[in-house]
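Beneath this line is the structure, given in structure tokens, with notes to follow.
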Amino acid sequence: MISLKIAEKPRNVKMDSKKPDVYRMLALIALQNKDIEKTKKALQEAKALNPNDQELIDGEFQLYFDLAYNYLKGEAAIVDEINKNLESKDKAKFDELMGKRKSLFKSSLPYLEKAHQLKPTDANTKNILKSAYEVLDMKDKLATIK
């Protein structure tokens, strides 16, 4: 550096590692491409290097919220069927539909809880999580959501 006249006095300066940024970008790109496994792996690597990065936390929140949402896509159609079935009073059909609805919420519950843990102030996550706890008769956990 001195011979190139870029520096005047030699010294050892440790350069900041760009590794956390690289993993963060990989995670965000994988999330946009809907590659769940690559997203999880990249987020895990990035969080190990930089656990307080807000972009990482937001990306991880988005991942878990999207996973929960994917399970719950068909819930509105089931609710419509349940409402139609109330008029016919077919108990067996009603129980079958409620079982399907509970199954959807049960599948999405770990992702909803993780999303809520990452971003406890998100109103959408709170509302969906409250609905999940209500449908699954988890009154003790419902009371903890504020």
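The figures here come from the full heavy-atom set of this structure, side chains too, leaving out hydrogens, waters and symmetry mates.
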Ser108 side, atom OG; Glu75 side, atom CD - distance, nearest 0.5 Å: 9.0 Å
Joint hydrophobic cluster, Phe61 plus Ile36, side-chain heavy atoms closer than 4.5 Å: yes
Leu142 and Lys130, any side-chain heavy atoms less than 4.5 Å apart: yes
Pair Gln62-Asp58, side-chain donor/acceptor within less than 3.5 Å: no
Side chain proximity check, Val79 to Arg101, heavy atoms < 4.5 angstrom: yes
Side-chain heavy atoms of Leu129 within contact of Leu109, under 4.5 Å: yes
Pairwise distance CG(Asp35) to NZ(Lys40) - rounded to 0.5 angstrom: 11.0 Å
Closest non-hydrogen atom pair between Gly74 and Leu104, with its separation: C-CD1, 4.1 Å
Greater than 12 external heavy atoms within 6.0 Å of Tyr69's OH: no
Considering all heavy atoms, the nearest Gly59-Leu28 contact: CA-CD2, 4.2 Å
Check: Thr39 side chain, Leu31 main-chain N or O, donor-acceptor pair, under 3.5 Å: yes
Distance, nearest 0.5 Å, that separates CG of Asn83 from CZ of Phe94: 9.0 Å
Within one Ile-Leu-Val-Met-Phe-Trp-Tyr cluster: Ile145 and Val135, side-chain cutoff 4.5 Å: yes
Flag side-chain contact, heavy atom, 4.5 Å: Glu45 against Leu26: no
Sidechain-backbone polar pair: Ser107 side chain, Ser103 backbone, donor-acceptor under 3.5 Å: yes
Pairwise side-chain contact, Leu112 with His116, heavy-atom cut-off 4.5 Å (strictly under): no
Non-hydrogen atoms of Phe105 and Ile128 that approach each other most closely: CE2-O, 4.2 Å
Straight-line distance of Leu118 CG to Thr121 OG1, nearest 0.5 Å: 11.0 Å
Approximate separation, where rounding is to 0.5 Å, of Lys34 NZ and Leu67 CG: 10.0 Å
NZ/Lys38: more than 12 non-hydrogen atoms of other groups inside 6.0 Å: no
Hydrophobic cluster identity match, Leu72 and Met98, side-chain contacts under 4.5 Å: yes
Test item: Phe65 and Asn124 side chains (from C-beta on) under 4.5 Å apart, heavy atoms: yes
Heavy-atom closest contact (Tyr111 atom, Tyr64 atom, distance): CB-O, 3.4 Å
Test side chain to side chain contact (heavy atoms under 4.5 Å, CB included) applied to Arg24 and Leu49, step by step: CA-CA 10 Å; Arg24 179 173 43 87; Leu49 296 169; over 6 Å; no
Within 6.0 Å of NZ in Lys126, more than 12 heavy atoms from elsewhere: yes
Option passing side chain to side chain contact (heavy atoms under 4.5 Å, CB included) with Lys100 (candidates Ile82, Ile78, Asp95): Ile78
Under 3.5 Å donor-acceptor, Asp53 side chain and Glu55 backbone: yes
Separation of Lys47 NZ from Asn52 CG (nearest 0.5 Å): 9.5 Å
